[in-house]
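Numbering of ligands and ligand atoms starts at 1, following listing order.
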Amino acid sequence: MNNPLRDPRDRRLPRIAGSCGLVMFGVTGDLARKKLMPAVYDLANRGLLPPAFALTGFARRDWEREDFQQVVHDSVKQYARTPFREETWKQLSEGIRFVQGTFDDPEAFATLRKTVEDLDRERGTGGNHAFYLSIPPSAFPQVIRQLRDSGLSAPKEDTWRRVVIEKPFGHDLESANELNDIVSEVFPADSVFRIDHYLGKETVQNLLALRFANQLFEPIWNSQYIDHVQITMAEDIGIGGRAGYYDGIGAARDVIQNHLLQLMALTAMEEPATFEASDLRTEKEKVLRAATLPADLGENTARGQYSAGWRGGEQVGGFLDEDGIAADSGTETYAAIRVDIPNRRWAGTPFYLRAGKRLGRRVTEIALVFKKAPSPYFQKVEGSDVGNNALVIRVQPDEGVTLRFGSKVPGTAMEVRDVTMDFAYGNSFTETSPEAYERLILDVLLGDPPLFPRHEEVALSWQILDPITSFWATQGQPDQYRSGTWGPASADAMLARDGRVWRRP
Ligand code: BG6
């Protein structure tokens, strides 16, 4: 198929979607407005959508087609990555449709079906349609069943129907399995695209290139050389207007179960036989299946809740003061866990995963921290500060890779200090990175699955997380940490017990 990772000869050919339509549920939500609609426009602007493309919105609002066109227009103007071009907009907007209705109304789905069939005739979308569910998970079952009952999920010969599901895929293993049963009753596995937008990030895909297109790193990518791995997803923002979603979910379910465990799997996996979906997913699954938790979860996990403090130069309130959050909410906004992967490559090298809101700054990185050099001489030289070497994959915002190592300080003494060698995307490439959603929406329209986790990965990730969230549920309130700091003291204590410290990126 079209995956550029697969065939080197095709690498420089643009991957352009064939004739098709995208139906979006949840078009009034933040994600659709800030990410999805702008990504569709950016794809169109880059010439990666066919002329025969249509975008249909489905929502309860009493809108006409023109109202929805205006909504898309405004979101594109405000959030698109590429410049606004009248020509692109004109072509895209001609293919925009809107269907008004609620998820429980079969009539509305009959209208949607008619709209889609009309598009096939008027725009030449060829019977190929993807349904993007950017809606609360509680509504998934109903919408999936309506797609079945209305006949929308069933493709005619030589056409396709696909469903795109936004996380969260359940809130624990049991609910994830239930959701999967419902989805797989209606759509075959290769028509289901589960979005984990971290996999669409350029720097995350670069992890595969870094590891497997180079000879330099792989020989030392194991427990003989690596002391431990730290995967950090720090955000400076609070929960914003997302109290309804976030309360009761918390940092571990929101991002560790998906984004961080996926990053861990990509960091720890063996080289896949090919970069096709099934080989890649199989290698990630092996890691998730091998992962274990320490016996003492009290000592090897930490959770916290932000209290009032600072964000940049601005004073901000605490989590419990946020609109829509109960005054006694036990939801964590910070979570840190230790995962061990006791296989031949990683036994003895723990992976520490942490994620939090309202931390010192926004940064996502994967840091491989190496063992100290055994040289007793350099350890003893006065004034020397020989730290651990580290290889840091900077996922965002300052995309790149850093290598930290010791170097002699100029002068007569043999004094050594840590220095860094940096690769920054901005200095090496003129192209800017596409947004994760551009890549992922294009892959859905192309039917290219490597960047979408399959159900087994989702289930294995819940299997890792469930014991932790069940344990926390018995432990009372999370610790507090001041907004603008690096999380609760218990997280530092957790690493200190292992003789390690968190990086301060
Ligand atoms: C989402 C989480 O998956 O990722 C949000 O639900 C989080 O809570 C967001 O803010 C962060 O995404 P990014 O791409 O800005 O790192």
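Side chains of Tyr132 and Glu166: a donor on one and an acceptor on the other come within 3.5 Å.
Taking atom 5 (C) of ligand 1 as the reference point, the nearest protein heavy-atom neighbour is Arg242 NH1, 3.3 Å. The protein non-hydrogen atom at the shortest distance from atom 16 (O) of ligand 1 is Tyr198 OH, 2.4 Å. Remark: minimum distance from atom 6 (O) of ligand 1 to any protein heavy atom is reached at Asp254 OD1, 2.6 Å.
Against a heavy-atom cut-off of under 4.0 Å, Lys167 is close to the following atoms of ligand 1: 1 (C), 2 (C), 3 (O), 6 (O). For ligand 1, the atoms sitting less than 4.0 Å from at least one non-hydrogen atom of Lys201 are 13 (P), 14 (O), 16 (O), numbered in the order shown with element in parentheses. Below 4.0 Å from some heavy atom of Met233 lie the following atoms of ligand 1, by number and element: 11 (C). Each of the atoms 5 (C), 7 (C), 8 (O), 10 (O) of ligand 1 lies under 4.0 Å from some heavy atom of Lys357. The contact set between ligand 1 and Gln396, taken as ligand atoms under 4.0 Å from a residue heavy atom, comprises 13 (P), 16 (O). For ligand 1, the atoms lying closer than 4.0 Å to a non-hydrogen atom of His259 are 1 (C), 3 (O), 4 (O).
Among the atoms of Thr364, none of the N or O lies under 3.5 angstrom from an N or O of ligand 1. Backbone and side-chain nitrogen or oxygen atoms of Tyr246 are examined, and none is located within less than 3.5 angstrom of a nitrogen or oxygen of ligand 1.
Considering only heavy atoms from C-beta on, Val229 stays 4.5 Å or farther from Val369 through its side chain. For the pair Val164 and Leu440, the minimum side-chain heavy-atom distance is 4.5 Å or more. Looking only at side-chain heavy atoms (C-beta outward), Tyr481 and Ser307 stay at 4.5 Å or farther from each other.
For Phe370 and His228, the gap between ring centers reaches or exceeds 6.0 Å.
More than 12 heavy atoms of other residues, nucleotides or ligands shown are found within 6.0 angstrom of CZ on Arg85.
When the options Arg362, His197, Glu235 are ranked by their closest heavy atom to atom 12 (O) of ligand 1, first place goes to His197.
Within the model, atoms CZ of Arg394 and OG1 of Thr203 stand 10.0 Å from one another, a figure rounded to the nearest 0.5 Å.
Exactly one of Glu218, Glu270, Glu271 qualifies for a salt bridge (charged side-chain N to carboxylate O under 4.0 Å, His left out) with Arg211. That residue is Glu218.
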